[in-house]
Amino acid sequence: MDGEWKRVAVPLLCAAGVSVLLLKWREQQKVKRKLQRAREKREKEIQQAEKAISLFKAQNSGVDLSSIVTLPLAELSQKIRGGSLKPDAVLHAYMEKALEVHKKLNCGTAVLIESLKQLEDIESHKDGLLYGIPVSIKDNVDYKGYDSTCGVLTKLNDPAIKDSVVVSVLKKQGAIPFIKTNIPQGLLNYECSNPIFGRTVNPCNLGKTCGGSSGGEGALIAGGGSILGLGSDIGGSIRIPAAFCGICGLKPTNNRISVRGLTSCVKGGKTALSAIGPMAHDVESLALCMRALLCTDMFTLDPTVPPIPFNQQVYESTKPLRIGYYENDGYLQPSPSMSRALRETKELLEKAGHKLIRFHPPQMFTAINEYVARGNLADGGATLLEHLKPGPVDPCLQYQAKHYGLPMFMKRMISLILRPIYPRMAALINATCGVSSPADLWKQHKVVEDYIQETLAEWEKLELDVLFCPMLGPAYNFNYTGQLNSALSYTALYNVLNFPVGVVPVTEVTAEDEAQLKHYTGNYRDVWDKTFVKAIRGGVGLPIAVQCVARPWQEEMCLRLMREVEELSAKNKHSKTHH
Ligand SMILES: *[C@@H]1O[C@H](CO)[C@@H](O)[C@H](O)[C@H]1NC(C)=O
Ligand SMILES: *[C@@H]1O[C@H](CO)[C@@H](O)[C@H](O)[C@H]1NC(C)=O
């Protein structure tokens, strides 16, 4: 009996084992082929674009493409409008430059060959505010016929059936979206790397991350391959790559610019809402882009957007302002260069006649742990993990994915053990448990609403027009962002508050800043504070920005402060180098 059982069972078990292995292997092969096809598609588009560029050059041997890409946006726009530059030359010039930059930084995910077709009737958009201007867009901004991959397998081979509202409006204004740019896997990370397209690196230092999630945009624009781009921001995703790469970026109030046609791996969350905004070399380009997008076409295509056109008067005003500021938010001690950037900017603004007023963002510990982290992970990370399931998880994301995937009781246990020694880590880990019931979710929404009112009341009490504060920097070494969500306090606060906020580069890391890192202890002296120092070490020469903030819906006021900061710091640099 015993022998007979074995005779039947052993081969059966073996067969079952072999078929499980076989299935697993087949699944892996399928994933590999899918990744391979996506990369081949990108290669094919690049080849097509290269062919188009050669053809254009052969037919227009008198046109110097390389000089076109050195013009600032305002001047480029003037030359196209005046007729001394043709839109086709400009598009081919930027395509050529973008491909060159991509080869160095790996910042593109798709070349939009359709953009060449747009040239056929571009003349009919002559009155558009962005007539003939090539524009880059982040991977997750829908463009008809192309995947919005978000760096995950679940979104491959699922091309957008129509243009997002922003792409439609850009086209109506005469702009030509011509390339899509790289992102971190799932978009909820700030190192720009995913298993489909690989890692994008920083043009200022190839050994550093360009930041994310709009990392491809930051790298491409700073590298000179695009003059204007659109990113999205839910915790710092426009501001971080802009600051890490040394360009400007604006995160508007959510839905000032339509987010219809913006793809995401965490749709449904309501605590922090994603906003689409422009990235460019200077503040004037951001303002031009906002002016172009805030038009009747957008308000008609997306009636949920409040029909508020750009207020040029507020943007151009020169009346002295009451400006709030803080140097240390109490959560992340700013790096030495972040502090110096803030203090120098404060001095310049004061000298320019503005009134500077010290501000304390209320309840930072609770705001970051309970509102930002618990709000963004109300589902315990389940929605994001669902998108990561079918394929390999990027090394940059493994720390987060492992952590979010832990059973609830484990997270609570770890949090309980850490609480007496590392209160910040305990609270943040506990927050990744999310909320446990619809009633809890309502409570979560209520406390955030109250927090927004509390902050606004504080602004009111101090009669602030605007505020400025440090911006995370300098750019990190590789593989650190996943362990440093704690460093998002300066940026993510303004997503939960839903205030418009932008970054302007004001200085570069000096040897003195780098030396000061020796004395950096952090506000909490925990593992994360130590990790932060390792992440930013070796940053001499890298750009450092500050953040400018305004009340909800006051993008023009925010841009006004940004423009002033930009002018003052440029003047300051100029006078320093001439002394
Ligand atoms: C974790 O958060 C819950 C609220 O969701 C709270 O009741 C509990 O005390 C927290 N635990 C620790 C260890 O902080
Ligand atoms: C980052 O992680 C990847 C994958 O684990 C590894 O190949 C690479 O060497 C790491 N880079 C650094 C600088 O540690």
Side-chain angles (χ1 to χ4, degrees), residues 35 105-106 151 182 184-186 189-202 204-212 215 244 269 271 331 363 365-382 388 391-404 406-448 451 474-484 486 524 526 528 530-539 542:
L35 291 173
L105 310 176
N106 188 36
N182 206 18
Q185 186 176 28
N189 190 335
Y190 57 109
E191 177 154 342
C192 191
S193 175
N194 64 66
I196 306 169
F197 300 112
R199 164 188 277 148
T200 307
V201 297
N202 194 315
C204 308
N205 178 338
L206 303 185
K208 301 274 181 180
T209 177
C210 58
F244 280 14
T271 304
Y331 199 86
Q363 313 181 45
F365 189 83
T366 311
I368 299 305
N369 300 319
E370 291 304 312
Y371 308 158
V372 171
R374 199 181 293 280
N376 278 328
L377 293 165
D379 65 347
L388 298 182
V393 174
D394 195 86
C396 298
L397 210 69
Q398 265 162 13
Y399 184 91
Q400 273 164 289
K402 271 196 200 124
H403 171 176
Y404 298 163
L406 287 175
M408 196 84 92
F409 77 93
M410 288 271 280
K411 292 185 201 170
R412 291 214 192 282
M413 243 336 221
I414 296 171
S415 167
L416 202 64
I417 294 166
L418 287 176
R419 190 147 66 165
I421 5 170
Y422 296 129
R424 178 172 65 163
M425 297 178 79
L428 200 60
I429 289 169
N430 192 15
T432 61
C433 294
V435 300
S436 43
S437 67
D440 272 352
L441 186 62
W442 280 24
K443 267 186 210 144
Q444 165 78 22
H445 289 164
K446 180 190 178 303
V447 291
V448 171
Y451 182 65
Y476 289 11
N477 298 315
F478 296 131
N479 298 352
Y480 280 105
T481 56
Q483 309 164 49
L484 283 172
S486 56
Y524 288 89
D526 56 18
W528 289 337
K530 293 194 178 81
T531 309
F532 181 61
V533 173
K534 288 185 203 155
I536 60 174
R537 198 165 270 156
L542 287 176

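Residues take their numbers from the sequence shown, with the count starting at 1. Whatever order the structure lists ligands and atoms in, that order sets their numbers, starting from 1.
With hydrogens left out, the protein atom closest to atom 13 (C) of ligand 2 is Phe478 CB, 4.1 Å, a heavy atom. With respect to atom 5 (O) of ligand 2, the closest heavy atom belonging to the protein is Pro395 CB, 3.7 Å. For atom 1 (C) of ligand 1, the nearest protein heavy atom (residue, atom name, distance) is Asn430 ND2, 1.4 Å. The protein non-hydrogen atom at the shortest distance from atom 6 (C) of ligand 2 is Asn479 ND2, 4.2 Å.
No donor-acceptor contact under 3.5 angstrom links the side chains of Tyr399 and Asn479, judged on distance only. Inspection of the Asn477 and Lys208 side chains reveals an N or O donor paired with an N or O acceptor under 3.5 Å.
Asp526 places none of its side-chain heavy atoms less than 4.5 Å from the side chain of Leu418. In this structure, Arg199 and Cys396 have side chains that are in contact, with non-hydrogen atoms separated by less than 4.5 Å.
Within 4.0 Å of atom 9 (O) of ligand 2, not a single protein heavy atom is present.
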Discussion item. Let's go through Asn430 and Arg412 carefully: what are the C-alpha distance in whole Å and the side-chain angles of both, what is the deciding distance for side-chain contact (heavy atoms from CB on, under 4.5 Å) to 0.1 Å, and is it a yes or a no?
Written reply: CA-CA 6 Å; Asn430 192 15; Arg412 291 214 192 282; 3.0 Å; yes

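At least one heavy atom of Ser415 sits closer than 4.0 Å to an atom of ligand 1.
Cation-pi geometry between Arg424 and Tyr331 is met: the NZ or CZ atom falls under 6.0 Å from the ring centre, inside 45° of the normal.
Relative orientation of the Phe532 and Tyr476 rings is perpendicular, given thresholds of 30° and 60° on the angle between their planes.
Of all atoms in ligand 1, numbered sequentially from 1 with element shown, those under 4.0 Å from a heavy atom of Arg374 are 2 (O), 5 (O). The contact set between ligand 1 and Arg419, taken as ligand atoms under 4.0 Å from a residue heavy atom, comprises 12 (C), 13 (C), 14 (O). Residue Leu416 has at least one heavy-atom neighbour below 4.0 Å for each of these atoms of ligand 1: 13 (C).
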